[in-house]
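As structure tokens, the structure follows; a few thoughts come after it.
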Amino acid sequence: NAGVMQNPRHLVRRRGQEARLRCSPMKGHSHVYWYRQLPEEGLKFMVYLQKENIIDESGMPKERFSAEFPKEGPSILRIQQVVRGDSAAYFCASSPPWGTGNTDTQYFGPGTRLTVL
Amino acid sequence: KNEVEQSPQNLTAQEGEFITINCSYSVGISALHWLQQHPGGGIVSLFMLSSGKKKHGRLIATINIQEKHSSLHITASHPRDSAVYICAVTGNQFYFGTGTSLTVIP
């Protein structure tokens with residue numbers, strides 16, 4: 001059973017470009033979480049999604065950031081018109097569906113390191 | 001004030017020492033997590049606790065709900081334990097501590 005997959009592992013963008021980060025949860029997991037770790041700072045929660053639904057986006061910046069978790073395919077974190085302050089490591093985690101396991105246990109992906117030039 | 005506070009921020013230990021990392025939180029929670037972040041950046045979930053104590057190998061995690069406090073213990077520490085250990089809580093939101101950077105010297 002493959003773990004949580006994220007790609008790309010490293011992404012370089014120029015200011016103003018778009019960044020798309022992908023997260024494939026563990027097989028059978030229907031909950032996905034996105035976290036951001038700014039340089040020299042701790043992890044910050046961004047958004048919690050289930051298939052086709054955003055459950056909690058209280059940690060998402062109000063502009064330029066969006067996330068989706070479609071019925072088929074990976075979860076996507078999209079950052080439009082990137083700025084240098086978006087440079088960070090973005091981690092995805094997944095957990096099992098309700099009633100099939102402990103949804104409080106999250107399995108982390110390796111992260112995507114975004115560098116904005 | 002952060003919702004989750006960890007101490008110490010940095011810790012250096014000799015191989016074989018017993019290590020304790022503390023975490024205090026100020027919000028209502030449904031679970032507390034201990035995470036390990038390796039120098040390469042990867043994150044591993046070590047424990048999820050809602051009460052009591054859990055043990056996995058040389059790692060022990062305890063939580064006191066009344067005192068809003070958790071500890072992570074490492075027995076017989078080894079250089080490969082060197083990493084950043086992060087306490088996180090889930091309640092109405094997700095909150096993370098800033099991490100404890102542990103270095104174990106051979």
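Given the structure is predicted, the values throughout are model-derived calculations rather than measurements. Values reported hereafter were calculated over all heavy atoms of this structure, with side chains retained and with hydrogens, waters and symmetry mates removed. Quick note on labels: first sequence line is chain A, next is B, and so on, each numbered from 1.
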Identify whether A:Tyr90 and A:Tyr107 are in the same connected component of the hydrophobic contact network (ILVMFWY, side-chain heavy atoms under 4.5 Å).
no
Drop me the distance from A:Asp56's CG to B:Thr90's OG1, to the nearest 0.5 angstrom.
11.5 Å
Answer yes if B:Leu32 and B:Ile43 sit in the same cluster of Ile, Leu, Val, Met, Phe, Trp and Tyr residues linked by side chain heavy atoms under 4.5 Å apart, and no otherwise.
no
Do A:Trp34 and A:Leu114 land in one hydrophobic cluster if side-chain heavy atoms of ILVMFWY residues count as linked below 4.5 Å?
yes
dist B:Tyr95:OH -> A:Lys44:NZ (nearest 0.5 Å) comes out at 10.5 Å
same_hphob_cluster(A:Leu49, A:Met60) at 4.5 Å side-chain heavy-atom cutoff:
yes
So do the side chains of A:Phe108 and B:Val44 get within less than 4.5 Å of each other, counting heavy atoms only?
no
is_close_aromatic(A:Phe45, B:Phe96), centroid dist under 6.0 Å
no
